[in-house]
2 protein chains.
Amino acid sequence: MSAEIALGLDPVIVSVVDTVPLVLTVIDGERPRLPAGSFDPGRDRTLELAARRSIDEQVGVEVGYLEQLYTFGDRFRDPRETTGGPRFLTVGYLGLIGGPVLGAPANVAWIDWYRFFPWEDWRRGRPPMLDQSVVDRVRAWIAADGADDTRRIRGAAAFGLDGAPWNDEAVLERYEILYEIGAVDEAPVHHDVLGEPMALDHRRILATAIGRVRAKIKYRPVVFELLPESFTLWQLQRTVEALAGTRLHKSNFRRFVEDGGLVVGTGQRRATSGRPAETFRFRSEVMAERPHPGIGLR
Amino acid sequence: MSAEIALGLDPVIVSVVDTVPLVLTVIDGERPRLPAGSFDPGRDRTLELAARRSIDEQVGVEVGYLEQLYTFGDRFRDPRETTGGPRFLTVGYLGLIGGPVLGAPANVAWIDWYRFFPWEDWRRGRPPMLDQSVVDRVRAWIAADGADDTRRIRGAAAFGLDGAPWNDEAVLERYEILYEIGAVDEAPVHHDVLGEPMALDHRRILATAIGRVRAKIKYRPVVFELLPESFTLWQLQRTVEALAGTRLHKSNFRRFVEDGGLVVGTGQRRATSGRPAETFRFRSEVMAERPHPGIGLR
DNA sequence: GTAATAGTGTCTTTCAGACAGTATGAC
DNA sequence: GTCATACTGTCTGAAAGACACTATTAC
């Protein structure tokens, strides 16, 4: 068993175009992967700076918002460990950038994250692939011989069974249960899988990122990192809906966001295919006024 | 510059006794330190298991709840790097254990975390050391020549300036500003420091942990990890107050916790110095009923 | 006029926050 | 009875959630 450590940096770079949440991937093998880099201890002063540089070098993109997600270190998360390689640890990051990104290398692709997590998109009602057969498999897993009693609560909370509400933030919890029941391609034994796979454990890292974004928009004004300086309220709502995977009530959303002091009108108007919309900008002063200025509404 | 990496594990183990939040420290140098261990890639299947084993081996304690906090990797966070040592990265963990812990080695000490963060305890009103002189230093830092405009918002949100409310979760943000203004011993240049220092960057890690606990109790029933199987509501309230560093309204707290289905009475009573109190236990079913079952109340 | 998108008014229910009160024990 | 702690009732205002409505453009 090797005593070496190799440290990687796995950034999940997110952008939203119209109603589609996109994740930046590299296509250079069978499965899409995150634009991972490796940490060179001699070069960067902090892990975050290393992540920024790695992203810039690989895909020519400078991210604005970047936060650390989690450090993944399970043995054999990288198959090179089985053939005498070092232990591959990686620090996951979440990066947000606004607008479409140009000038990226040819093997870089922005992919709708719901291709990897189709069961997470409830904007047009319950996703069709999340059908009775999947629910039955989760229930079988709950009731399995020798299973811990906590499975009942984990399963109900993750998939909204037995009257529990759907929790949009429980992305990782759902992915992990689907992994355990063999409903994703990455599981060692699997059948009738859901969604498209990614390389290594990158879909798990993406699940962590989606869960984090969905939680974070509710108590920190991070959505604005994904929008241009000025935007319409409809644009803002569409962006939040894309991330959260749910629909919001228009008038409640407007009230929340305007009365809450999160945005302020610019006085400008923008032509649409109907009545022109007023444009707004983020009001950064809310950060000091309220402890948790975010968007959390049904 | 070395190209080596060394990975440590720095657990913040928390317990609450009566009204005192305690953190487990090791006293073997000038300053108390966290019971840090190093990660041996050949031994443990996951980072969390490695952290558990490290804690058990060092201080003979088996933690129940354990979650990853953050990975710290700033250059020179460990001074051994300056003399040709490897780059010392560390993964911080938060562990919670209930009840007093016996049988620990002699150099292990449970210390009231407010000795390191006296300005975080608002249970008896505004902490006296957080006086005008400190506020003046923060304001000077905000107004400094060439300072970024974001300092105004950071400072106001962290220290409740200009009408902003005190945010109990902003523990790390406050520590970082105090570091920048030289009001903590760990800062390279400092005077009139607040609180007791810890070794290396351990106080920063502890700040991260306190902020995380304070945030987490509001949306996850983690307090119960710190309490025995059955407890009185007064005990529960005292524990929450100890962690949050604020006082809560008794009747509102009771209503929240009982009507919210977080606890259920056992029917048993317990003698006190006044009327006997009913005992309660945690109702784990809430986890499936509500998306965010926690305790968040003034 | 219609279609399409933008934006407003208001009712109801829920719940946080604050008040003041009563209950049951030891002595 | 007093003292100490445990526990309850209820008022108020804010805000979430749901509903229906009006406004301004293109055609």
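Sequence lines set the chain letters: A, B, ... in the order given, protein chains first and strands last, and positions in each chain run from 1.
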Give the rounded distance in Å between these two atoms: [atom1] of [X] and [atom2] of [N].
X	N	atom1	atom2	answer
F256(A)	dA14(D)	CZ	C1'	13 Å
R254(B)	dA16(C)	CZ	P	16 Å
R290(A)	dA15(D)	CZ	C1'	12 Å
R255(B)	dC19(C)	CZ	C1'	12 Å
F231(A)	dT5(C)	CZ	P	20 Å
N252(B)	dG9(D)	CG	P	14 Å
F280(A)	dA6(C)	CZ	C1'	10 Å
D259(A)	dG17(D)	CG	C1'	15 Å

- Heavy-atom donor-acceptor pair, S251(B) side-chain to dC7(D) base, under 3.5 Å: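 Absent.
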
- Task: Test for a donor-acceptor pair under 3.5 Å between the base of dC3(D) and the side chain of S273(B), counting only N and O atoms.
- Result: no

- Do the side-chain N or O atoms of H249(B) get closer than 4.0 angstrom to the phosphate oxygens (OP1, OP2) of dA18(C)?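 Looking at the OP1 and OP2 atoms of dA18(C), one of them is under 4.0 Å from a side-chain N or O of H249(B).
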
- First encountered from the 5' end of DNA chain C, between R269(A) and P276(B):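 The residue whose closest nucleotide sits nearer the 5' end is R269(A).
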
- Item | Side-chain donor-acceptor pair present, E67(A), Y65(A), cut-off under 3.5 Å |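 On atom types as modelled, these side chains qualify, holding a pair under 3.5 Å.
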
- Any luck finding a side-chain donor-acceptor pair between T279(B) and T266(B) under 3.5 Å?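 Looking only at side-chain atoms, T266(B) and T279(B) do form a donor-acceptor pair, the distance falling under 3.5 Å.
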
- Any side-chain heavy atom of R270(B) sitting closer than 4.5 Å to one from E278(B)? no

- Task: For residues I205(A) and V12(A), determine if any side-chain heavy atom of one lies less than 4.5 Å from a side-chain heavy atom of the other.
- Result: yes

- Message: Could you check, using the six-membered ring where one of them is a Trp, whether F224(A) and F231(A) have ring centers closer than 6.0 angstrom?
- Response: yes

- Message: From C-beta outward on E278(A), which listed nucleotide comes closest to its side chain: dT24(C), dC7(D), dG7(C)?
- Response: dG7(C)

- Task: Nearest-nucleotide wise, let me know which of R275(A) and L233(B) is further upstream toward the 5' end of DNA chain D.
- Result: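 The residue mapped nearer the 5' terminus is L233(B).
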
